[in-house]
Protein chains: 2
Amino acid sequence: MAEGESVDMSKLLERFYERLSEAGLKSTRQREVIFETFFSLNRHISVDELLAEVRTTAPHVGYATVYRTLKLLVEHGFARPRHFDDGQTRYDPQDEDEHEHDHLICIDCRRVMEFDDEVVHARLGQIVRDFGDYDLTRRKIELYARCRIQDCPHRPQ
Amino acid sequence: MAEGESVDMSKLLERFYERLSEAGLKSTRQREVIFETFFSLNRHISVDELLAEVRTTAPHVGYATVYRTLKLLVEHGFARPRHFDDGQTRYDPQDEDEHEHDHLICIDCRRVMEFDDEVVHARLGQIVRDFGDYDLTRRKIELYARCRIQDCPHRPQ
DNA sequence: ATCCATGCAAATCATTTGCACTTAA
DNA sequence: TTAAGTGCAAATGATTTGCATGGAT
């Protein structure tokens, strides 16, 4: 991690531990490693991918701990689960007051790009209103596309 | 089934059997029951729900047959799979030249409503173009909402 | 000291597959 | 006749849970 990120990371981790403490939960080495790995990778990641990364630092960490920690992150607003069309749940870091965003997914390389468009949101809000007395809870927009450029430039690292 | 539906149903079934025949596949009693049940229910249905319905007509039909038949329906353009956020794949009847549509899902009763809005599509097309040289393959929009009316009127039957 | 967290393995849930048997063409 | 279809049960893959042990407060 670069210097600039480390500052954010320790603040972020501190916030996480505060929330846990408020809930009567504990700080552990595993949670720290998983948390820092998750935020330093900073992309839509699957449990397998995250576990593999975590094990380069802490080799004996089990699947269950990663699942349990991700669930904690979600419950406390540090991550969001994403269910794309490939049967793997992926997790998306969520900054404190970051707002919901949508996705463009390359079907070749699985690269995920984010967007957030007010025109679309406004129109969808109108559509919901037209349906009647509904309270919109969540909005999910996924665009699946293929890079037309030969040899897709966005290969996963 | 009402009379009007029966006519469509037999035409539809005939088309299905034609496609199967072209692919060197066979017509069977199970496929007929599953097909007709699927189209007469005509809603976003899970495998469990469909199997339960099918078994009221043909009690000994197995899970595997329903899964295999739904896969056939998808491959031949008679159904579309939907992956909502509850871990169950649901299937959506697809009429011959029906176009893609989007969904508003009640998080209480799981009722699914459909919509299809040109303003949204146009704007999303623009967003993809702004990202660069992408070829849009599929678009998925899901709105999750709660009926604000006390005692949601859209309970599944 | 207490209660939460961990790691492992076993359990679960949705879906798929292998196989001996049945059936449409 | 013969390739494809079926039903069952076992296999798979993702995720969850039970439990004995370890660790944070």
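Heavy atoms only: backbone and side chains are in, while hydrogens, waters and symmetry mates are out.
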Is the backbone N or O of A/Val66 less than 3.5 Å from a side-chain atom of A/Thr69, with the two atoms forming a donor-acceptor pair by type? no
Using whole Å, report how far CG of B/Leu72 lies from C1' of C/dT16. 14 Å
Report the distance from atom CD of A/Glu32 to atom C1' of C/dT6, rounded to the nearest whole Å. 16 Å
Could you measure the distance from the CZ atom of B/Arg82 to the CG atom of B/Asp92? Nearest 0.5 Å is fine. 4.5 Å
List the steps, then state whether salt bridge (Lys or Arg N to Asp or Glu O under 4.0 Å) holds for B/Arg90 with B/Glu49. CA-CA 10 Å; B/Arg90 283 161 195 283; B/Glu49 291 163 350; 3.5 Å; yes
How long is the line joining CD of A/Glu75 and P of C/dA5, in whole Å? 11 Å
Checking side-chain polar atoms at under 3.5 Å, does A/Gln126 have a donor or acceptor matched by the opposite partner on A/Arg123? no
Select from B/Arg55 and B/Leu25 the residue whose nearest nucleotide in DNA chain D is closer to the 5' end of that strand. B/Leu25
Can you tell me the distance, in whole Å, between the CZ atom of B/Phe84 and the P atom of C/dA14? 17 Å
Quick one: A/Phe35 CZ to C/dA5 P, roughly how many Å, whole number? 16 Å
Can you check nucleotides 15-17 of chain D for protein contacts, nitrogen or oxygen pairs under 3.5 Å, and list what you find?
{"from": "D/dT15", "atom 1": "OP1", "to": "A/Thr89", "atom 2": "N", "distance (Å)": "3.4"}
{"from": "D/dT15", "atom 1": "OP1", "to": "A/Thr89", "atom 2": "OG1", "distance (Å)": "2.8"}
{"from": "D/dT15", "atom 1": "OP2", "to": "A/Tyr67", "atom 2": "OH", "distance (Å)": "2.7"}
{"from": "D/dT15", "atom 1": "O5'", "to": "A/Tyr67", "atom 2": "OH", "distance (Å)": "3.2"}

Can you sort out the partners of B/Gln30 under side-chain contact (heavy atoms from CB on, under 4.5 Å), two or more places apart, ordered by chain and number? B/Thr28, B/Val61, B/Thr65
Quick one: sort the A/His103 and A/His44 rings into parallel, tilted or perpendicular, breaks at 30° and 60°. perpendicular
Heavy-atom nearest nucleotide on DNA chain D for B/Thr69 versus B/Lys26: which residue maps closer to 5'? B/Lys26
Whole-Å distance between C/dC3 P and A/Leu20 CG? 19 Å
The side chain of A/Thr28 is closest to which nucleotide in this list: D/dG5, C/dA5, C/dG7? C/dA5
Would you say A/Arg31 places a side-chain N or O within less than 4.0 Å of OP1 or OP2 belonging to C/dT6? yes
Side-chain N or O of B/Ser27 versus OP1/OP2 of C/dA25: is the shortest distance under 4.0 Å? yes
Could you tell me whether the phosphate oxygens of D/dG5, OP1 or OP2, come under 4.0 Å of any side-chain nitrogen or oxygen in B/Thr65? no
Can you tell me the distance, in whole Å, between the CZ atom of B/Arg29 and the C1' atom of D/dG7? 17 Å
Sub-3.5 Å donor-acceptor pair from the side chain of B/Thr37 to the main-chain atoms of B/Val33, do we have one? yes
Can you tell me the distance, in whole Å, between the NE2 atom of B/His60 and the P atom of D/dA9? 15 Å
